[in-house]
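Everything on this sheet refers to the single structure shown next.
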Amino acid sequence: MHEKSVADLSNSLNNKDISSHELTLAYLDRIESHRELNAFITVDRIRALEQAQAADARLRTGQGGPLTGIPIAQKDIFCTEGLPTTCGSRMLANFVAPYDANVIQRFNAAGCVLLGKTNMDEFAMGSSNETSFFGPVRNPWDTHCVPGGSSGGSAAAVAARLAPAATGTDTGGSIRQPAALTGITGLKPSYGRVSRYGMIAFASSLDQGGPMARSAEDVALLLNVMAGFDPRDSTSVDRPVPDFTRTLDESISGLRIGLPREYFGEGLSAEVGRVIEAAIEQYCKLGARVVDVSLPNSRLAIPCYYVLAPAEASSNLARYDGVRYGYRAPEYADLWEMYSKTRAQGFGTEVKRRIMIGTYALSAGYYDAYYLKAQKLRRLITGDFDRVFEHCDVIMGPTSPSTAFEFGSKTDDPVAMYLSDIYTISVNLAGLPGMSIPAGFDGNGRPIGLQIIGRYFDEARLLNVAHKYQQATEWHLRAPRGF
Amino acid sequence: MSLDRADVERIAHLARLEVDEQELTAYAETLSRILGLIEQMNAVDTEGIAPMSHPLEAGLGFRADEVTEFDQRELFQVNAPSVQAGLYLVPKVIE
């Protein structure tokens, strides 16, 4: 049962070949028998099985939708009423959300089952899932390696068939990079496509929730549920949402693929480069053609991001003061100590680093040199994409410069860790949609992801382009040994 | 730009983070390295470029001035570390 896609499971549920209760039980048992991956922070069996029974009742009366009864793993960044919502942090380890995020409300309304809350880098700050207060997640392809981050628990859960699909969030690559490192399909929608209401904030002008599953078709089914205007998110965009499954099979003959030369230069592993070139050749066989393009400011994306994201984070995370919710230090002499000890004990090292970088960048006398400068570069980086999209329909390249790396190999050097996101970050700065799809493996059997970047609100085209590749190849069907 | 221990102390104070003696040195070193990365920004002349704060640069939407939130104090205060009579308790700040 766990080998089936969301699309197949949907058919089986609607034909009453299986019940949601059976399906949910099977996945709960798989989660239990693979606890060594540490993919989940919270699993509530009773609640999941109750939701499954409600879904079965709905299916019996013919009131089900395409995803009714499908179990979904939710990243532990989405507030979930009555369940712990920790964001991977000690600060929120005891926080029980009093309301549902918009994304959770939408999955509930669709009749999905909440299988559990997945592990993640603390406050989504990390590229390896090693900054989680709840311990690192293991990559099912090689348990000595990281699954990527920050949505590492969701990625590992989908790759190991512990859930048919999951949600993630992506501020600088946190859906696409773990999708690449675990051999699954992930999509970061255009900024504003999916509501941020109830999604714990890291960097609000960059954060975007999106789906993670094994195929583009399944990702399209999930995006149909997640996308849409929400008046409670002031940056939610009020524009029509197409049925993302409707155009999956359209021909891609004549598709113009832009290959930015900056994505194939220094820093890219040779093995990853070869696999990406093979994937592009496959696209040419499907009728696409290649256009040589340039994103000259892309080398500035990481420096720019590491001003803007920490600046926004230092402001967003100021709310964790030990007063209204979350952790409070057990001992303090006065209000000042209560704040500073609570925050020192409640946050991990990487989160504190970013809060301090952001605080510094915004502090008196430094604002123009850092924050304003970075905002100007953001415009240059965005302008590069605007120009390139005059000559091509999608941009392709590697998702990550290397495959999954071993635990501890980058934890002492934050700058080395930040470079994991060198090809993904500029997409967030521009607010564009981006995907990662499985395209092959390195010599150690570790997955490699192909990144596909599209124009604003062109998710349907990205999914179509990804789906056509998956119809012609079988990389997305490979499962890690033992799962 | 490299930061010394006094810089880290000042930033930590602004950020309301307690940092002990040993950590000061470690933070000074890693934060300086991150700033080294950030300063690659200076290689580009951005004179005359308008800053961009938001990917879509859409103005904020307006809505009718109607009550949409209702009092849920008891529900929200379940998560509070310390409350009494509906109030959040913090150490005394006024003598």
Side-chain angles (χ1 to χ4, degrees), chain A residues 94-96 98 191-192 205 231 234-235 237-238 297 299-300 302-304 306-307 314 318 321-328 332-335 337-341 343-344 347 352-353 355-357 359-360 363 370 372-380 382 413-415 418 429-432 456, chain B residues 1 3 7-8 10-20 23 26-27 30-31 33-63 68-69 72 74-83 88-93:
Chain A
N94 64 358
F95 177 70
V96 177
Y191 183 82
S205 80
S234 62
T235 57
V237 174
D238 191 2
N297 293 298
R299 70 196 160 83
L300 300 167
I302 287 192
C304 171
Y306 278 98
V307 174
S314 71
D321 56 6
V323 177
R324 288 154 303 147
Y325 47 80
Y327 180 80
R328 180 187 282 195
Y332 43 83
D334 53 22
L335 185 67
E337 270 200 4
M338 192 195 84
Y339 290 150
S340 59
K341 284 185 189 293
R343 290 165 62 78
F347 292 133
K352 285 190 264 194
R353 272 182 205 139
I355 288 174
M356 285 196 271
I357 288 288
T359 302
Y360 179 66
S363 63
Y370 291 106
L372 201 66
K373 178 84 182 178
Q375 283 192 313
K376 291 177 173 185
L377 289 176
R378 186 175 190 176
R379 185 171 301 282
L380 292 178
T382 302
D413 184 359
V415 171
Y418 298 169
L429 291 168
L432 297 166
Y456 290 111
Chain B
M1 174 87 195
L3 299 177
D7 294 323
V8 175
R10 186 180 61 84
I11 299 164
H13 175 86
L14 289 172
R16 301 295 184 270
L17 287 169
E18 185 183 76
V19 178
D20 67 32
E23 289 176 312
Y27 278 121
T30 48
L31 296 183
R33 231 179 317 156
I34 297 167
L35 286 177
L37 173 80
I38 287 170
E39 272 151 18
Q40 292 172 15
M41 294 195 306
N42 297 333
V44 177
D45 180 9
T46 49
E47 186 67 35
I49 309 280
M52 174 175 163
S53 58
H54 187 280
L56 300 171
E57 300 189 271
L60 293 179
F62 287 93
R63 63 167 173 80
T68 56
E69 295 293 329
Q72 302 182 69
E74 282 177 29
L75 173 68
F76 294 156
Q77 289 192 336
V78 168
N79 276 300
S82 180
V83 289
Y88 294 97
L89 296 191
V90 295
K92 194 172 173 182
V93 287

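Any value given below was found using the heavy atoms of this structure, including those in side chains, with hydrogens, waters and symmetry copies removed. Order of the sequence lines sets the chain letters (A, B, ...), proteins ahead of strands, with each chain counted from 1. Predicted, not measured: the structure shown is a model, and the values here were computed from it.
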Which region of [X], side chain (C-beta onward) or backbone (N, CA, C, O), has a non-hydrogen atom less than 4.5 Å from a non-hydrogen atom of chain B, or is it both or neither?
| X | answer |
| --- | --- |
| A/Leu432 | neither |
| A/Pro98 | both |
| A/Ala318 | neither |
| A/Thr382 | side chain |
| A/Tyr332 | side chain |

In Å and rounded to the nearest 0.5 Å, what is the [atom1] to [atom2] distance from [X] to [Y]?
| X | Y | atom1 | atom2 | answer |
| --- | --- | --- | --- | --- |
| B/Ile38 | A/Ile302 | CD1 | CD1 | 11.5 Å |
| A/Gln375 | B/Thr46 | CD | OG1 | 11.5 Å |
| A/Lys373 | B/Asn42 | NZ | CG | 5.5 Å |
| B/Arg33 | A/Tyr418 | CZ | OH | 10.0 Å |
| A/Leu300 | B/Met41 | CG | CE | 9.0 Å |
| A/Arg379 | B/Ser53 | CZ | OG | 8.0 Å |

Practice item. Take B/Asp7 and A/Tyr360 through the side-chain contact (heavy atoms from CB on, under 4.5 Å) test and state the conclusion after the steps. Key: CA-CA 9 Å; B/Asp7 294 323; A/Tyr360 179 66; 5.9 Å; no

How close do [X] and [Y] get, heavy atom to heavy atom, and via which atoms?
| X | Y | value |
| --- | --- | --- |
| A/Ser205 | B/Pro55 | O-CD, 3.4 Å |
| B/Ile34 | A/Arg353 | CD1-CD, 4.1 Å |
| B/Pro81 | A/Tyr325 | CD-N, 4.1 Å |

At a 4.5 Å cut-off on heavy atoms, which part of [X] comes close to chain A: side chain, backbone, both, or neither?
| X | value |
| --- | --- |
| B/Gln72 | neither |
| B/Leu3 | side chain |
| B/Val93 | side chain |

Pairs of donor and acceptor atoms involving the side chains of residues 11-20 of chain B, under 3.5 Å and at least two apart or interchain, shall be tabulated with distances.
unit_1, atom_1, unit_2, atom_2, d
B/Arg16, NH1, B/His13, O, 2.7
B/Glu18, OE2, A/Lys341, NZ, 2.8
B/Asp20, OD1, B/Gln22, N, 3.2
B/Asp20, OD1, B/Glu23, N, 2.9

Exercise for review: Count the heavy-atom pairs under 4.5 Å between each of B/Leu75, B/Leu89, B/Leu35, B/Val83 and chain A, then report the option with the highest count.
Suggested key: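 Between B/Leu75, B/Leu89, B/Leu35, B/Val83, the count favours B/Leu35.
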
Point to revise | chain A contacts, top residue of B/Gln77, B/Gln40, B/Lys92 (heavy-atom pairs, under 4.5 Å) | key: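 Highest number of heavy-atom pairs under 4.5 Å: B/Gln40.
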
Check your understanding: For the side chain of B/Asn79 and the backbone of A/Arg324, is there at least one donor-acceptor N/O pair under 3.5 Å apart?
Key ->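 Side chain of B/Asn79 to backbone of A/Arg324, a donor-acceptor pair under 3.5 Å: no, none is there.
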
Practice item. List for me each residue that meets ring pair (Phe, Tyr, Trp, His ring centres under 6.0 Å) alongside B/Tyr27, sequence neighbours excluded, and say none if there are none. Key: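 Counting only residues at least two positions away or on another chain, B/Tyr27 forms no ring pair (Phe, Tyr, Trp, His ring centres under 6.0 Å).
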
Point to revise | Candidate pair A/Met356 and B/Thr30, rule side-chain contact (heavy atoms from CB on, under 4.5 Å), full reasoning | key: CA-CA 11 Å; A/Met356 285 196 271; B/Thr30 48; over 6 Å; no

Review point. Is there side-chain contact between B/Val78 and A/Val96, with heavy atoms separated by less than 4.5 Å?
Key: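 No - every pair of side-chain heavy atoms lies 4.5 Å or more apart.
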
Point to revise | Which of A/Ile357, A/Asn297, A/Asp334 touches chain B most, by non-hydrogen pairs under 4.5 Å | key: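 Counting heavy-atom pairs under 4.5 Å, the top option is A/Ile357.
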
**Study point:** Top contributor to chain B interface from A/Asn94, A/Val237, A/Leu377, A/Ile355 [non-hydrogen pairs under 4.5 Å]
**Key:**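 Max contact count across the listed options: A/Leu377.
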
